[in-house]
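The basis for the numbers below is simple: all heavy atoms, side chains too, and nothing from hydrogens, waters or symmetry mates. Note that the structure is a prediction, hence the values are computed from the model and not measured.
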2 protein chains.
Amino acid sequence: MKTVYERADVVPLLAEIFRELGYEGTTLSRITERTGIGKGSLYHFFPGGKEEMAAAVLADVDAWFERAIYEPLRRDDPRAAIDAMWANVMDYFRSGSRICLVGAFALDETRQRFSPVIRDYFVRWIEALRQALVRAGYAEDDALAAAEEAVSGIQGALVLSRALDDKDMFRRTLDRLTGRLAATKRGG
Amino acid sequence: MKTVYERADVVPLLAEIFRELGYEGTTLSRITERTGIGKGSLYHFFPGGKEEMAAAVLADVDAWFERAIYEPLRRDDPRAAIDAMWANVMDYFRSGSRICLVGAFALDETRQRFSPVIRDYFVRWIEALRQALVRAGYAEDDALAAAEEAVSGIQGALVLSRALDDKDMFRRTLDRLTGRLAATKRGG
DNA sequence: CACGCATTGTACCGATCGGTACATAAAACG
DNA sequence: CGTTTTATGTACCGATCGGTACAATGCGTG
């Protein structure tokens, strides 16, 4: 028997595996074991092998953030877009039980393979948020610092809530970060 | 010819390799390649193999933080100990170019192997800082939140400064976190 | 110097790694 | 319905994985 997949369906499955196991920890046999997708299919969709799989996953993640978060921050009403960002972040990372693949790749040597993508993901996030904050009334200088603090704070919350195995810590930290953005907006 | 090592000298070398390559990325051949230490020595010092090596490294890291940071926070003048903590963190993580091994292990499946150690490292850090903040005049409730924010913020700064390959971002973020602790101390 | 023990280099093990080749089965298309 | 295209399972490859066995070398102690 043969199960037929499409590339677009495979990428999210790979994403979860890379998230859980990391780049080095993800092996072809583990992929087959968890998804049922054999080497034949994998190398058909991703002739470049494991590296191309990871690159496709990163591109997919990047595209999701671009559409769901960065674009609205640049385009929509800034306060609404920022509120939507917090809600999306909370959902996307499943209250801290799902990690940020880009952040995880940034930590070890995997970074060297994908450094432009990794950098770009965070640069664009910070910049989009900074623009929204400026449009919401922030001073130019404060906006950059606040945007960096928010994005950095999310990454820290992911590490810590996972280390402590405590979803509530993620929610608390995100609430605190949300409050900080709003407080600085008013107070300067 | 034979070079003779001691276990205590090997652990820090292993630590740097695990930091750079992660648990799965660290192979015995890479260890030999980077340190010159052969399998004979490694399995003599660490009969349990790679897992015991990583455990030894984690214990070493933990011991360093206990002695250099947690104990002073619990014992010494709180403001001086907190100042020393920021200085030590800045040095230890080499302005963000060196990652937190415990945080990195928390992100992927490696966490399952070492979850008690990982959890304990962060629990004790937060608790020691919380105690210091209380002794410095914080309200009980504020102290826990502020301690969590500081520790989480450090982890986030490590991820982000590494993703952006920007040591200055690490310094800026640590300065901001330092200011937050001091500001809340005064303002409540 | 001689003995004994801690330490080390090297050869080797089965298992698994990422990757390739290819015959075959399913879809797509006429 | 036959043909072409796309997708898939399987067998296989050399390299490397973590780990073991052991003889040889260094060092401390008498």
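Computed from coordinates, the A/Arg30 CZ to D/dC17 P distance equals 16 Å when rounded to whole Å. Computed from coordinates, the B/Leu42 CG to D/dG19 C1' distance equals 12 Å when rounded to whole Å. What separates CZ of A/Arg7 from P of D/dA7 is a distance of 11 Å, to the nearest Å. Distance B/Glu6 CD to C/dT8 P: 9 Å, rounded to the nearest Å. Regarding B/Glu52, its CD atom lies at a distance of 10 Å from the P atom of D/dG19, rounded to whole Å. Distance CD (A/Glu33) to C1' (C/dG18): 16 Å, rounded to an integer number of Å. Rounded to whole Å, atom P of C/dG19 lies 8 Å from atom CD of A/Glu51. In this structure, the NZ atom of B/Lys50 is 12 Å from the C1' atom of C/dC17, given to the nearest Å.
Taking every heavy atom of residues 17-27 of chain A and every atom of DNA chain C, pairs under 4.0 Å involve A/Thr26, A/Thr27, by number.
With salt bridges taken as basic N to acidic carboxylate O contacts below 4.0 Å, one links B/Glu16 and B/Arg19. Checked for salt-bridge contact, B/Asp175 and B/Arg172 miss the test: no charged N lies under 4.0 Å from a carboxylate O. The pair A/Arg130-A/Glu127 counts as a salt bridge, with a side-chain nitrogen and a carboxylate oxygen less than 4.0 angstrom apart. Residues A/Glu20 and A/Arg34 are paired through a salt bridge, judged by an N-O separation under 4.0 Å between the basic side chain and the carboxylate.
Looking at B/Val102 and B/Phe65, their side chains never come closer than 4.5 Å, going by heavy atoms from C-beta outward.
Proximity note for A/Val4 (side chain, C-beta onward) versus C/dT20, D/dG18, C/dA27: the nearest is C/dA27. Side-chain atoms of B/Tyr43 lie closest to D/dG19 of the nucleotides C/dA6, D/dA7, D/dG19. Nearest nucleotide to the side chain of B/Lys39, out of C/dT10, C/dT7, C/dA27: C/dT10.
A perpendicular orientation is assigned to the rings of B/Tyr121 and B/Trp125, their planes being inclined by more than 60° (bins at 30° and 60°).
Residues A/Leu28 and A/Gly40 each lie close to DNA chain C; by heavy-atom proximity, the contact nearer the 5' end of the strand is made by A/Leu28.
Between B/Thr3 and C/dT8 there is no side-chain N or O to OP1 or OP2 distance below 4.0 Å. The side chain of A/His44 places an N or O atom within less than 4.0 Å of a non-bridging phosphate oxygen (OP1 or OP2) of D/dA7.
In this structure, the side chain of A/Arg74 does not engage the main chain of A/Ala132 through any donor-acceptor pair within 3.5 Å.
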